[in-house]
Amino acid sequence: MSIHKRDDILSSEITDENIYLGRREFFCKAAKLGFIVPGLKFGTAEAAGFLNLFSPIKPSALPDDKLTSFQNITHYNNFYEFGTSKSDPAKYAGMLKTSPWEVKVEGLVRYPRTYSIDDLFKTYPQEDRIYRLRCVEAWSMVIPWRGFSLAHLLKKADPLGNARFVEFWTLHDPQQMPGQNIPVLEWPYREGLRLDEAMHPLTILATGLYGKSLPNQDGAPVRLVIPWKYGFKSIKSIVKIRLIDHMPRTSWELAAPNEYGFYSNVNPSVNHPRWSQATERRIGEWDLRKTLLFNGYANEVASLYTGMNLRKNF
Amino acid sequence: MNVKWIKFLVFLICLLPLLRLVLLGLFDGLGPNPVSHLIHSTGVWSLVLLLVTLSITPLRRLFEVSQILRLRRMFGQYAFFYGLLHFLIYAWFDQYFEWQGIWRDIMSRPFILVGFISLFFLVPMSVTSTNRWVRRLGVRWWRRIHWLIYPSAFLAVLHFWLEVKRDIREPLIYAILLGILFLYRIGYAFLCGRTKPLLNSNQDCAGVQR
């Protein structure tokens with residue numbers, strides 16, 4: 001007796017693609033008519049994954065991954081300067097005045113400089129980069145950023161020989177950022193990178209997304225994006241970039257040193273003390289995905305950490 | 001109004017949070033992270049209903065409305081219902097009903113363990129929340145079992161507290177409310193004495209007319 005192996009059957013042989021795609025329409029219609037248990041309704045396109053409950057969990061990076069919608073990227077933000085709820089930034093970030101805006105580059109560099117946003121745009125050509133963003137809270141997005149490699153800016157500043165770390169500061173102005181009146185974190189928000197991490201070509205200063213200028217709630221007018229680290233490392237609304245010779249303290253590390261380390265590289269095998277980092281939920285999807293080491297950018301960045309104990313240096 | 005009608009009305013009102021979630025789900029209103037929304041919302045409603053259940057006794061004494069005692073078991077059952085939904089949504093969407101994984105999660109994460117124990121304590125109360133069980137157990141044992149609501153509510157608040165990342169203001173509100181409800185009882189026991197009968201002689205401890 002011959003038994004078909006799963007692989008022998010092309011999916012096209014089983015269900016015609018149009019019917020397969022039409023399924024969703026059927027469910028939506030049925031749900032609206034009340035034929036389907038409401039909890040099982042698949043409102044959005046991604047919801048088809050619902051049916052795959054008992055199939056293997058997909059990895060977080062797949063070639064055909066869809067971009068997270070502009071609506072979701074701009075209405076699900078951790079930006080405590082505008083409140084600790086993820087819907088707060090979209091409501092209150094309008095209070096932030098992003099023009100005029102200055103970014104100071106200072107510290108251990110040969111050419112310190114204060115940029116206006118226009119200077120940044122004029123000096124550094126903008127390019128589009130699609131990156132996965134993995135939040136430390138185990139959700140993720142796929143975001144089409146616009147920006148430029150931080151390395152360009154750092155090279156122009158010309159770090160001195162003893163510069164080993166880069167420190168980033170968010171604007172501190174409780175008038176414009178009401179969340180700073182509440183001492184949930186040490187304000188202003190501070191972040192840091194090792195110089196080689198900051199010089200890595202994947203590390204960008206983002207000034208836009210979806211081809212538009214950055215919405216305030218996403219860190220306007222300029223923010224950092226480090227795709228292989230948890231999202232909180234990608235500091236928003238930057239006013240200062242300082243090169244220093246020692247490892248800086250960062251806001252989250254100061255708040256809970258046992259939970260948020262300086263490196264905070266995405267790592268499925270090093271759990272947050274309170275929850276697992278092995279899986280994540282892509283915003284807009286119902287099912288889980290497997291989190292990948294360095295958020296799937298291991299080929300590009302693993303060499304930065306050769307020989308380092310990633311569990312210790314979390 | 002007839003007590004039966006009030007009970008029915010309260011029964012429907014307690015279903016509103018669920019109805020709201022169902023409607024939001026149908027019309028794409030659960031936001032960018034629907035699973036997290038569902039888990040959070042059912043958890044909060046469970047906690048709210050636990051606190052409502054615990055405020056029945058103080059309200060009854062302060063305002064001398066003994067009739068509301070007859071709503072207490074329903075509020076308790078709803079607290080369990082929303083707590084169970086909270087757990088099942090987690091078990092489904094975060095764990096795909098893999099019981100080994102759930103067990104590992106419970107044992108390795110204090111905040112999940114705390115939440116699980118809180119829910120676990122509600123199970124015997126929920127099961128014995130019928131007149132038949134009151135009679136079968138006798139008032140004394142029934143009350144002993146239902147004393148579990150105190151540790152359960154405490155653990156539920158602790159669960160919320162341990163879960164939040166940094167901003168503890170919301171769980172703090174629940175902790176304060178629970179603290180008031182606990183203090184009221186301690187104060188009452190202290191001032192009025194433990195032995196003072198809680199009930200009219202013609203009611204059993206669940207407020208059922210004999």
Side-chain angles (χ1 to χ4, degrees), chain A residues 28 31-32 34 36-44 47 50 52-55 57 68-69 71-78 80 83-87 135-139 141 179 182-185 232 251-252 255-256 259-260 271-276 278-279 281-288, chain B residues 15 18-42 44 85-86 88-98 101-115 158-172:
Chain A
C28 288
K32 274 173 192 147
I36 289 184
V37 187
L40 292 172
K41 192 266 179 175
F42 325 93
T44 46
F50 225 95
N52 302 333
L53 196 57
F54 298 100
S55 69
I57 305 179
T68 304
S69 71
Q71 167 74 16
N72 283 346
I73 294 173
T74 52
H75 289 80
Y76 198 72
N77 309 93
N78 277 323
Y80 281 15
T84 54
S85 156
K86 276 182 258 300
S87 52
C135 179
V136 74
E137 296 165 3
W139 52 265
M141 295 184 178
I182 302 150
V184 279
L185 292 172
F232 68 87
S251 287
W252 274 105
E259 299 191 336
Y260 310 100
N271 288 330
H272 186 280
R274 285 183 281 152
W275 56 82
S276 163
T279 55
R281 184 162 279 112
R282 178 68 39 86
I283 295 304
E285 295 180 355
W286 286 83
D287 33 351
L288 292 172
Chain B
L15 275 175
L18 177 65
L19 182 71
R20 177 177 157 270
L21 290 177
V22 168
L23 288 175
L24 287 176
L26 281 173
F27 297 103
D28 277 341
L30 290 173
N33 195 342
V35 173
S36 150
H37 188 139
L38 290 173
I39 291 179
H40 183 77
S41 182
T42 48
V44 166
L85 274 180
H86 176 67
L88 288 176
I89 295 167
Y90 150 81
W92 182 357
F93 291 100
D94 272 5
Q95 300 292 340
Y96 291 5
F97 289 121
E98 278 183 26
I102 293 171
W103 187 246
R104 226 181 303 124
D105 218 24
I106 290 170
M107 293 327 262
S108 60
R109 309 201 191 290
F111 98 87
I112 294 185
L113 177 65
V114 163
L158 184 64
H159 171 62
F160 193 2
W161 191 294
L162 293 175
E163 187 267 343
V164 296
K165 216 164 109 193
R166 190 67 194 153
D167 186 357
I168 48 112
R169 284 174 296 172
E170 204 184 340
L172 183 65

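Per chain, numbering begins at 1; letters A, B, ... match sequence-line order. Heavy-atom basis, side chains included; hydrogens, waters and symmetry copies ignored. Computed from a predicted model, the values in this text were never measured in an experiment.
Contacts of E170(B) with chain A are absent, with no heavy-atom separation under 4.5 Å from either backbone or side chain. Within the 4.5 angstrom heavy-atom criterion, atoms from both the backbone and the side chain of W275(A) approach chain B. In this structure, the portion of I182(A) lying under 4.5 Å from any heavy atom of chain B is its side chain and not its backbone. Interface remark: N78(A) contributes side-chain atoms only to the contact with chain B (heavy atom separation under 4.5 Å). When heavy atoms are compared at a cutoff of 4.5 Å, I168(B) does not approach chain A at all. Only the side chain of E137(A) comes within contact range of chain B, with at least one heavy atom under 4.5 Å from a heavy atom of that chain. At a 4.5 Å heavy-atom cutoff, the contact between R281(A) and chain B is made by side-chain atoms alone.
Classified by interplanar angle (parallel below 30°, tilted 30° to 60°, perpendicular above 60°), the ring pair W139(A)/Y76(A) is perpendicular. Between W92(B) and F97(B), the ring-plane angle classifies as parallel under the 30° and 60° cut-offs.
Using a distance-only test at 3.5 Å, with no hydrogens or angles considered, a donor-acceptor pair links the side chain of T42(B) to the main chain of L38(B). With hydrogens and angles disregarded, a donor-acceptor distance shorter than 3.5 Å links the side chain of T74(A) to the backbone of Q71(A).
In terms of non-hydrogen atom pairs under 4.5 Å with chain B, the most contact-rich of V136(A), N271(A), T68(A) is N271(A). Ranked by heavy-atom pairs under 4.5 Å with chain A, the list P34(B), S36(B), P110(B) is led by P34(B). Here L288(A) is the residue among N72(A), L288(A), I73(A) with the most heavy-atom pairs under 4.5 Å with chain B.
Residues D105(B) and D94(B) are not in side-chain contact: their nearest non-hydrogen atoms beyond the backbone lie 4.5 Å or more apart.
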Show me, pair by pair, the donor-acceptor contacts under 3.5 angstrom made by side chains of residues 19-27 of chain B, not counting sequence neighbours?
none

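What you find for S276(A) and A138(A) is that their closest heavy atoms are O-CB, 4.3 Å.
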